[in-house]
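So you know, we letter chains A, B, ... as the sequences are listed, proteins then strands, and number each from 1.
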2 protein chains.
Amino acid sequence: MMLDIHDLKLLQLLQQNAKRTTKEYAHRLGLSTTAVYERIKKLERQGMVLHYVALLDKKKVALDFVVFCHVRLTRHTQANIGYFEREVMKLPEVMECHHLSGDYDYLLKIVVRDMEAYRHFMVAKLTAIEHIGSTQSSFTIKEVKHTTALPLLP
Amino acid sequence: MMLDIHDLKLLQLLQQNAKRTTKEYAHRLGLSTTAVYERIKKLERQGMVLHYVALLDKKKVALDFVVFCHVRLTRHTQANIGYFEREVMKLPEVMECHHLSGDYDYLLKIVVRDMEAYRHFMVAKLTAIEHIGSTQSSFTIKEVKHTTALPLLP
DNA sequence: CTTGAAAGGAGATATAA
DNA sequence: TTATATCTCCTTTCAAG
């Protein structure tokens, strides 16, 4: 379960680009392809690597209207919380949902086509969920930075 | 540049799991492997698919302390904005940075090991950036949902 | 950990239907 | 547009140092 420097560098490379050949990773790490192959399989087996995915260009697929929405529930019973979280899970427009400390209860990251689509999402989907007290939306003017790579090597 | 239903389904599959074989995608779409192969190459050439990456388990790599930090700048000159955004880009702990409408200027998603690491990040890195007026941090108690898959098929 | 070998599979391209 | 054939390279496993 312990990660040495080779594992960390390998994970870093896989986070940047998962489509290289084992030979290429081996070259970058200064190890043999067999060794790197075994390391990748080990990291997958251990669940360090969850899965491999394609990342798309939001603009190119016309889904670049990003909204952060703070949500407060009316009452924080176990039942209300469970219900809200299950409903939010079903909404594909909600890419992230975090239960937060502080003033509001949840922070949602929502991606839709445009403002009109957002209005529809809010009215028909989000605020249709029971027990929501209040919401507060902030719109992304510009996505300055966005990475899926965790900071393994500080 | 137009996407038909096959393209959308294919992108959806690639967003979920990019390690399947062309034959498998073809089977799921009801198309031939050659056709799907050409479609994938087309989507890559057009830049719809930015890249392929490994997604890691935050917990397993001990980086599951997630903080959302709102940042306000002192003055919103072009120079200040440019400087702040360039500095934030350099920080690996900042996984996302959004220029927002509303009360605060920026929303940052920061991932570190624990509260102590966050304190160090704030003191030594973030607030070391010039022209930051104020910050307000909210800590993630629980990550309810997190996906990288854009909602292509509503 | 390394090298080397070997089988099978998938990627990539060309050609025919 | 599909299907087929081909070639190459990669993946995957194994043995031995």
Considering only side-chain heavy atoms of B:Thr21, which listed nucleotide, C:dC1, C:dG11, D:dC10, is closest? C:dG11

In whole angstroms, the gap separating P of C:dG11 from OH of B:Tyr52 amounts to 11 Å

Of the listed D:dT13, C:dT2, C:dG11, the closest approach to the A:Glu38 side chain comes from D:dT13

Could A:Glu38 and A:Lys41 be called an ion pair, given the rule that one side-chain N must be under 4.0 Å from one carboxylate O? no

Whether A:Glu87 and A:Lys125 form a salt bridge (side-chain N of Lys/Arg under 4.0 Å from carboxylate O of Asp/Glu) is what I want to check. no

Please state how far atom CD1 in A:Ile5 lies from atom P in C:dC1, giving the value in whole angstrom units. 14 Å

From the options C:dG11, C:dT2, D:dT2, select the nucleotide whose nearest atom is closest to the side chain of B:Leu31. D:dT2

Length of the line joining A:Lys42:NZ and C:dC1:P, which is rounded to integer Å: 8 Å

What integer distance in Å separates A:Ile40:CD1 from D:dT13:C1'? 15 Å

Could you tell me how far apart A:Lys23 (NZ) and D:dC10 (P) are, to the nearest whole angstrom? 5 Å

A:Lys19 NZ - D:dT11 P separation (whole Å): 11 Å

Would you call B:Lys9 and B:Asp4 a salt bridge, using N to O less than 4.0 angstrom? no

With the side chain of B:Ala35 defined as its heavy atoms from C-beta on, choose the nearest nucleotide among D:dT2, C:dG11, C:dC1. D:dT2

Separation of atom NE2 in B:His27 from atom C1' in C:dA10, rounded to whole Å: 18 Å

Verify the contact: side-chain N or O of A:Tyr37 to OP1 or OP2 of D:dT12, cut-off strictly under 4.0 Å; return yes or no. yes

Are A:Lys42 and A:Asp7 ion-paired here, with the side-chain N under 4.0 Å from a carboxylate O? yes

For B:Leu29 and D:dT2, give me the distance from atom CG to atom P, rounded to whole Å. 11 Å

Whether B:His98 and A:Phe68 hold their rings parallel, tilted or perpendicular, with breakpoints at 30° and 60°: perpendicular

For DNA chain D, whose closest nucleotide is more 5', that of A:Arg20 or that of A:Thr34? A:Arg20

C:dA12 phosphate, OP1 or OP2: any side-chain N/O from B:Lys41 under 4.0 angstrom? yes

Base, sugar-phosphate, or nothing: which does B:Thr22 touch, judged by heavy atoms less than 4.0 Å apart? sugar-phosphate

